[in-house]
Amino acid sequence: MDYSNLRRQAASMKKSLFDQGYLDEQFCQVEDLQDEASPNFAEEVVTLFFKDSARLISNVEQALEKYPKDFNRWDAYMQQLKGSCSSIGASRMKSECMSFRDYCGQGNVEGCMRSFQKVKREHGALRQKLEAYFQLLRQAGPAGAATR
């Protein structure tokens, strides 16, 4: 197994995630918190993010159904999700959360619905991409953290 090749692939994948706008500098800050004592810290934080964000997305979904045109409620739930996105550097998702909140401010139900679908798509795409990234890092071994 060529570990240096795997590390290069992981570094390339990470660069691509930044280039495509999926991630921002906050993700690097999360990775920088890793050390020998917690070598999988970033992956654990991202795993918690996806668990939490799935719950928040479900809350938004329920609010959209149960409370039609309750823009304040919708906005409050989306604010929580946006905060979660910010904490790990999920840039594209955060941006779409901001669009949703803008539509809430305008009282635009259709805009909110379209934007929410985009939030869910971005969430799924980011999950898939980060799972692949962390899988590559695991295959590359402990030196995989050196891709930063």
Considering only heavy atoms from C-beta outward, does the side chain of Met93 approach that of Cys85 to under 4.5 Å? yes
Of all heavy-atom pairs linking Glu122 and Tyr22, the shortest is OE1-CE2, 3.5 Å
Asn59 CG to Lys66 NZ distance, which is reported to the nearest 0.5 Å: 9.5 Å
Donor-acceptor contact present, side-chain Ser84 to main-chain Leu81, <3.5 Å: no
With a 4.5 Å cut-off on side-chain heavy atoms, are Glu31 and Leu137 touching? yes
With rounding to the nearest 0.5 angstrom, report the CG to NZ distance, Leu64 to Lys69. 13.5 Å
Just so I know, are the side chains of Arg138 and Gln135 near enough to count as touching, which here means a heavy-atom distance under 4.5 Å? yes
What distance separates Asn40 CG from Phe134 CZ, expressed to the nearest 0.5 Å? 9.0 Å
Of all heavy-atom pairs between Lys94 and Ser86, which one has the smallest distance, and what is that distance? CD-OG, 2.9 Å
Within this structure, what is the NZ-CG distance for the pair Lys82 and Asp75, rounded to the nearest 0.5 Å? 9.5 Å
Considering only heavy atoms from C-beta outward, does the side chain of Leu48 approach that of Ile88 to under 4.5 Å? no
Does some side-chain heavy atom of Phe49 sit less than 4.5 Å from a side-chain heavy atom of Leu130? no
Heavy-atom check, side chain of Val109 versus side chain of Phe71, under 4.5 Å: yes
Do the side chains of Glu131 and Phe50 get nearer than 4.5 Å, heavy atoms only? no
For Arg7 against Ala140, the heavy-atom pair lying closest together: NH1-O, 3.3 Å
Please check if the number of heavy atoms outside Lys118 that lie under 6.0 Å from its NZ is greater than 12. no
Minimum-distance pair of heavy atoms, taken over all atoms of Gln139 and Leu6: O-CD1, 3.5 Å
Can Gln34 and Ser38 be said to form a side chain to side chain donor-acceptor pair (under 3.5 Å), step by step? CA-CA 6 Å; Gln34 291 186 158; Ser38 55; over 6 Å; no
Smallest separation among heavy atoms of Val30 and Phe41, with atom names: O-CD2, 3.7 Å
Taking Thr47 for its side chain and Glu43 for its backbone only, find out whether a donor-acceptor pair lies under 3.5 Å. yes
Verify, without hydrogens or angle tests, whether Arg92 (side chain) and His123 (backbone) share a donor-acceptor contact under 3.5 angstrom. no
A side-chain contact here means heavy atoms from C-beta on lying under 4.5 Å apart; do Phe18 and Cys28 qualify? yes
Can you spot which of Glu110, Arg101, Lys120, Glu96 makes a side chain to side chain donor-acceptor pair (under 3.5 Å) with Ser115? Glu96
Looking at CZ of Arg55 and OH of Tyr77, how far apart are the two atoms once the value is rounded to the nearest 0.5 Å? 9.5 Å
Distance (rounded to the nearest 0.5 Å) between Asp102 CG and Asn108 CG: 10.5 Å
If you compare all heavy atoms of Ala63 against all heavy atoms of Trp74, which two are closest, and at what distance to 0.1 Å? O-NE1, 3.2 Å
